[in-house]
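Data first, discussion second: the structure below is written as structure tokens.
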4 protein chains.
Amino acid sequence: MAHSDVAAGTAQLPTSPHSVRQPVRIGLVGVGQQSREHLAPALLGLDTARITAITDPDRHTRNRLADRIGVPARFDSVEAMLAEGVIDGVVAACPPQAHEMIIDACLSAGLPVFIEKPPAVTTDALTQLVKKATDAGIPTAVGMNFRWAAPVMRLAELLANGRYGTASVIEIRHMAGKPRTGLWGLGLWESFLLAQVIHPVDLLLTLAASPVQQVRATSRLATDGGVLTSAHLDFDNGTVGTLLASTQAPRFEHRIEVTTSTGATLRLTGLADLTITGAPGAARDETRRWHPSPMDAGFHRTGFQGELLGFCDAVTTGSGFRPSLADLMPTYHVMDQLATPRRQQ
Amino acid sequence: MAHSDVAAGTAQLPTSPHSVRQPVRIGLVGVGQQSREHLAPALLGLDTARITAITDPDRHTRNRLADRIGVPARFDSVEAMLAEGVIDGVVAACPPQAHEMIIDACLSAGLPVFIEKPPAVTTDALTQLVKKATDAGIPTAVGMNFRWAAPVMRLAELLANGRYGTASVIEIRHMAGKPRTGLWGLGLWESFLLAQVIHPVDLLLTLAASPVQQVRATSRLATDGGVLTSAHLDFDNGTVGTLLASTQAPRFEHRIEVTTSTGATLRLTGLADLTITGAPGAARDETRRWHPSPMDAGFHRTGFQGELLGFCDAVTTGSGFRPSLADLMPTYHVMDQLATPRRQQ
Amino acid sequence: MAHSDVAAGTAQLPTSPHSVRQPVRIGLVGVGQQSREHLAPALLGLDTARITAITDPDRHTRNRLADRIGVPARFDSVEAMLAEGVIDGVVAACPPQAHEMIIDACLSAGLPVFIEKPPAVTTDALTQLVKKATDAGIPTAVGMNFRWAAPVMRLAELLANGRYGTASVIEIRHMAGKPRTGLWGLGLWESFLLAQVIHPVDLLLTLAASPVQQVRATSRLATDGGVLTSAHLDFDNGTVGTLLASTQAPRFEHRIEVTTSTGATLRLTGLADLTITGAPGAARDETRRWHPSPMDAGFHRTGFQGELLGFCDAVTTGSGFRPSLADLMPTYHVMDQLATPRRQQ
Amino acid sequence: MAHSDVAAGTAQLPTSPHSVRQPVRIGLVGVGQQSREHLAPALLGLDTARITAITDPDRHTRNRLADRIGVPARFDSVEAMLAEGVIDGVVAACPPQAHEMIIDACLSAGLPVFIEKPPAVTTDALTQLVKKATDAGIPTAVGMNFRWAAPVMRLAELLANGRYGTASVIEIRHMAGKPRTGLWGLGLWESFLLAQVIHPVDLLLTLAASPVQQVRATSRLATDGGVLTSAHLDFDNGTVGTLLASTQAPRFEHRIEVTTSTGATLRLTGLADLTITGAPGAARDETRRWHPSPMDAGFHRTGFQGELLGFCDAVTTGSGFRPSLADLMPTYHVMDQLATPRRQQ
């Protein structure tokens with residue numbers, strides 16, 4: 001395998017006045033669906049990134065992807081890739097057990113790492129990784145793309161600017177069709193938490209922007225493998241958060257609904273339609289609505305482009321990224337407090 | 001004032017082959033907005049009812065209404081009306097303290113009574129009225145029009161027919177702009193419960209069709225008079241119910257959302273748009289939607305016509321009506337368990 | 001039949017301080033569905049109207065309605081009713097041939113008349129009635145309830161206030177399930193024009209508020225009886241109007257869509273949802289939406305209450321009403337220019 | 001690595017069992033917004049394509065794009081690229097005058113060419129190119145991505161399968177904010193036709209699938225540069241097509257609405273929401289709706305991926321592609337028949 005990488009070649013181009021700041025050389029780890037359909041194409045859309053290496057023990061799938069997007073450097077293991085010195089940062093999407101090892105290896109090698117969620121299997125494991133990252137002073141990033149989705153960021157901005165008052169109630173509905181059986185060698189309940197519930201819990205905490213005071217929940221496990229949790233969170237600042245997550249629906253439904261202290265309702269449906277009812281100055285029953293352009297494509301709306309751009313900035317400037325591994329701790333703590341599910345008769 | 005009533009005159013018509021069953025002679029008590037805008041016009045649309053008397057101490061408003069809809073018999077008090085013997089049943093919409101007295105008077109007179117919600121101020125008062133009604137064997141009816149709203153009945157039928165499995169989660173959102181101050185001489189919190197919260201609680205209990213196991217809630221009172229309660233109910237049959245009621249929105253928002261054990265979502269928005277996502281046999285992301293005809297008018301959709309028709313049937317046949325006074329007991333019990341609101345800082 | 005009528009009795013009441021202006025005594029002619037479901041209940045909601053007589057040769061249906069809403073004076077013919085002198089104006093909903101005779105009789109008797117659409121079968125017949133009304137100086141009114149529907153009036157106001165510029169294009173979609181065979185002894189095409197097409201044509205002319213310059217249309221008649229016309233109208237003021245009317249849909253679909261010179265889109269769907277995209281000051285892709293309250297009931301939204309209130313005002317004050325018979329002339333002229341339908345192979 | 005192109009390198013990989021069919025080596029011509037934001041990323045998502053050369057005289061922009069997606073071979077002119085022999089087909093997005101020359105050059109070189117719309121400035125120019133392509137027997141493709149948009153293809157399939165009968169009326173609404181001044185050195189009207197109107201006209205003709213019988217239109221040019229055309233098309237098979245295209249809206253609105261002979265309405269809004277009202281077997285007022293997943297990203301929905309995949313297949317197999325240059329002839333003929341716009345006062 002030839003080891004010269006594309007980014008290096010690029011750097012030699014004398015014609016580019018933009019070469020003052022070099023693109024971040026990214027080593028992509030894992031060539032599963034998440035990498036192939038979201039992370040790799042989102043990275044290809046960034047001027048500030050170059051995928052310069054791809055790592056996966058599944059050589060066939062890895063080579064097909066590498067061929068398609070023109071990445072000559074290919075590795076079987078993270079260790080081999082890290083040893084080569086051809087990258088500035090790692091972007092990884094693997095099972096959570098592998099994530100723990102990849103984070104550890106990157107921190108040991110002193111390399112910034114962007115890890116898809118879930119970053120770890122347990123709160124204990126996450127705690128140890130956070131400690132190691134803090135001690136090492138290496139930037140870490142967790143791929144919670146919902147936080148970076150364009151309409152979620154807009155919603156967060158609208159809440160932050162105070163025009164609508166404060167958030168009285170934040171409700172998140174997150175329905176998916178999987179998992180119906182355990183993933184990654186874990187039980188169904190753990191898999192459900194790590195694959196699905198982590199998203200709305202993290203969003204609730206991000207939007208409430210306050211410590212959690214109390215978590216009350218009812219969880220159920222149906223005989224057909226459907227899992228459901230309905231939770232009620234009280235935050236220190238008085239905001240109430242509710243959460244409905246389930247795998248009973250053979251589709252993906254997503255809705256964030258914020259009721260504010262001024263009586264406005266801000267609703268984001270399907271990560272696309274943002275409506276505001278009761279905006280100051282609007283008519284009594286008036287609803288304002290934004291939605292993506294019919295020609296909207298790419299990875300901006302879904303957050304993948306934004307978070308990877310942010311990671312590249314963090315790598316270049318050495319500044320922090322949110323969410324870091326440490327930022328995920330409250331999310332894991334809430335997941336720990338969701339009751340073990342009752343089996344539905 | 002001539003006391004001959006319209007219904008009696010009607011009865012003499014020899015040309016009507018439908019006169020076998022006489023229309024129910026209704027005495028309307030209270031000529032406030034609820035009577036003028038909903039109950040009286042809904043009654044006028046029924047072949048089985050005649051408003052034959054109107055009672056209210058406010059003679060001016062009472063006479064204007066009576067003139068408009070052609071009701072010659074007018075009274076200042078329920079007692080005077082009951083003494084006259086010109087009615088078969090009472091329909092009343094007054095403050096709750098008056099409701100208690102009207103119910104008592106009707107039961108004493110042996111006359112069926114349809115009382116707008118709230119039927120009583122306290123659970124104790126309701127309990128005593130229920131006892132008296134049971135002892136007397138007189139049909140009682142409470143005007144919970146949401147139960148009888150055409151699209152709510154359709155939703156209830158869809159749930160009952162089993163095609164969508166059982167209800168895993170029932171969520172009700174009920175936002176209104178009032179009360180912002182106490183009503184009927186009561187405190188703001190009690191007024192909020194009796195004027196607004198009673199509706200979604202009653203709907204939750206009706207749709208869950210199972211005893212309540214546990215009620216957990218967070219309630220808040222904002223400095224501007226806005227009240228909010230977010231509740232989480234566990235039912236014996238495993239259904240979870242959630243409820244958000246608030247007076248912070250200067251408008252009326254209503255939504256019922258049922259997530260079923262087969263993964264379907266049945267959603268009724270604004271008591272008008274009924275959508276079903278994930279119906280058996282439908283495509284994965286398909287949503288089916290019904291909505292009222294553009295020319296829909298009248299009082300069928302809002303439930304007033306249905307409940308009054310049901311009451312007339314109950315009067316004629318002596319059969320029961322749902323909800324009776326007794327049927328409201330669980331609703332009052334849940335309202336008692338909603339936490340006293342914290343004052344929002 | 002007892003001839004004492006409610007309105008007369010009402011007028012004698014000394015207790016009413018509002019009797020300075022007497023309610024208009026209405027003679028209702030025709031007890032078909034339109035009268036029973038829309039006109040009679042809408043009239044009952046008006047303080048300024050009293051139904052004091054009902055006329056229909058179908059005694060059974062007439063008496064049932066009269067019993068229900070307490071109207072003692074009942075007649076078999078318009079002539080008999082007019083001779084009695086118990087009414088101030090006529091409201092009629094019958095077949096169009098009868099409308100012609102009723103209008104003629106009312107004008108001869110010097111009595112204002114509100115006639116449901118269609119007021120006449122042919123443009124010639126309408127022309128003669130318009131002439132007679134003009135000569136007699138008697139107010140006439142045609143029941144084009146769409147013009148008076150609350151959201152249509154709002155749309156017209158929004159267009160008139162100039163904030164959105166002028167109407168570049170007005171498109172109306174009017175789909176219904178009937179007629180599939182001829183009505184009133186007329187052919188299918190004439191029935192389609194008089195029962196359905198009259199509505200959107202009249203709305204187009206009302207909203208464009210300019211003389212028609214040119215009408216181009218394609219019309220088709222399917223073998224199953226479905227009729228369809230697609231028309232393109234140029235108005236003197238440069239506005240383009242398009243119209244799609246059809247009876248191929250077994251339901252009622254209605255949409256008005258106005259594209260303005262400032263690039264705004266004002267859309268009224270189902271006579272209920274009014275949205276404005278591109279309002280001045282709004283964000284680029286922002287849509288503003290109003291819709292009826294969940295508790296909306298009655299006959300305000302559908303226009304029946306407004307038009308009958310307007311008619312009563314016209315009767316009381318002797319002022320004009322829009323649309324009068326004369327106002328319908330341009331509508332009939334456009335219908336005459338819609339091409340005779342081709343039979344679809 | 002030598003500057004031999006990535007695809008060649010890929011071909012040497014012995015590990016790939018998929019290398020039986022070589023990816024098509026694409027020369028991308030033009031690095032404007034359309035290439036950078038749609039064509040290049042869509043090509044990168046295809047296993048069957050490799051961008052092996054990029055051509056544009058603007059070296060700076062070209063090199064930035066080439067650096068970003070790892071394409072070493074870069075050219076200043078199409079002729080230079082064609083001379084190099086490193087590509088199997090051309091994908092070009094340039095001004096229409098350039099398109100004519102690129103097509104001509106590719107046909108002379110015997111190379112298949114995919115040209116973004118508009119393929120030519122005038123019908124005459126297109127006619128000559130069609131003749132040359134036919135004589136040469138070289139596959140040509142025009143980038144009418146709307147035809148290949150996933151929801152448009154679904155709509156076309158639904159129409160083709162006959163369940164809903166035939167299309168009675170097809171209405172297309174296409175509102176955009178540009179051009180407000182002439183593009184490509186052409187007048188405003190020609191620019192409007194070639195940049196915007198070409199899309200809905202081509203869609204109408206595709207969905208109607210029948211020769212055009214008659215075109216009637218009203219066009220206007222406002223003083224602020226907004227252009228508008230409202231057209232009415234009769235097709236041989238009896239289908240009526242209507243079209244509203246305008247640049248008066250500072251946003252992009254798109255809607256296709258098909259009314260079928262069975263009374264169904266198929267509506268595609270914003271190239272995303274597909275609803276069917278009146279499907280056979282559905283309830284009277286039932287609407288069925290599909291919409292993209294919240295996580296939908298990439299270039300499948302917008303048609304770019306599909307059309308480029310189709311072009312690669314055509315290159316590999318030598319089969320035809322739709323639309324070819326010849327397929328655009330009827331579209332150009334309809335555009336020629338749209339009236340020259342009147343200037344709006």
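Proteins come first, then strands; the chains are lettered A, B, ... in the order of their sequence lines, and each starts at number 1.
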Sorted by chain and residue number, the salt bridge (Lys or Arg N to Asp or Glu O under 4.0 Å) partners of D/E257 (sequence neighbours excluded) come out as C/R173, C/R255, D/R255, D/R267
Tell me, with the steps shown, if D/R251 and C/T265 meet side-chain contact (heavy atoms from CB on, under 4.5 Å). CA-CA 11 Å; D/R251 64 190 172 275; C/T265 303; 2.9 Å; yes
### Query
Side chains of C/T242 and D/T242: does their closest heavy-atom pair fall under 4.5 Å?
no
When the 4.5 angstrom heavy-atom criterion is applied to C/T247 and chain D, the contacting part is neither
Residues D/T260 and C/Q248: closest non-hydrogen pair is O-OE1, 3.5 Å
Shortest non-hydrogen pair, D/A217 vs C/H232, comes out as C-NE2, 4.5 Å
Shortest non-hydrogen pair, C/G263 vs D/P250, comes out as O-CD, 4.1 Å
Kindly determine whether D/T218 and C/R216 satisfy side-chain contact (heavy atoms from CB on, under 4.5 Å), including the steps that lead there.
CA-CA 11 Å; D/T218 301; C/R216 294 177 288 188; 3.2 Å; yes
Okay, C/E171 and chain D: the region with an atom under 4.5 Å from a heavy atom over there is side chain
Can you tell whether the side chains of C/R220 and D/D234 come within less than 4.0 Å, N to carboxylate O? yes
Nearest heavy-atom contact between C/D224 and D/S261 is OD2-O, 4.2 Å
Ranking C/M175, C/Q214, C/E253 by heavy-atom pairs under 4.5 Å to chain D gives rank one to C/E253
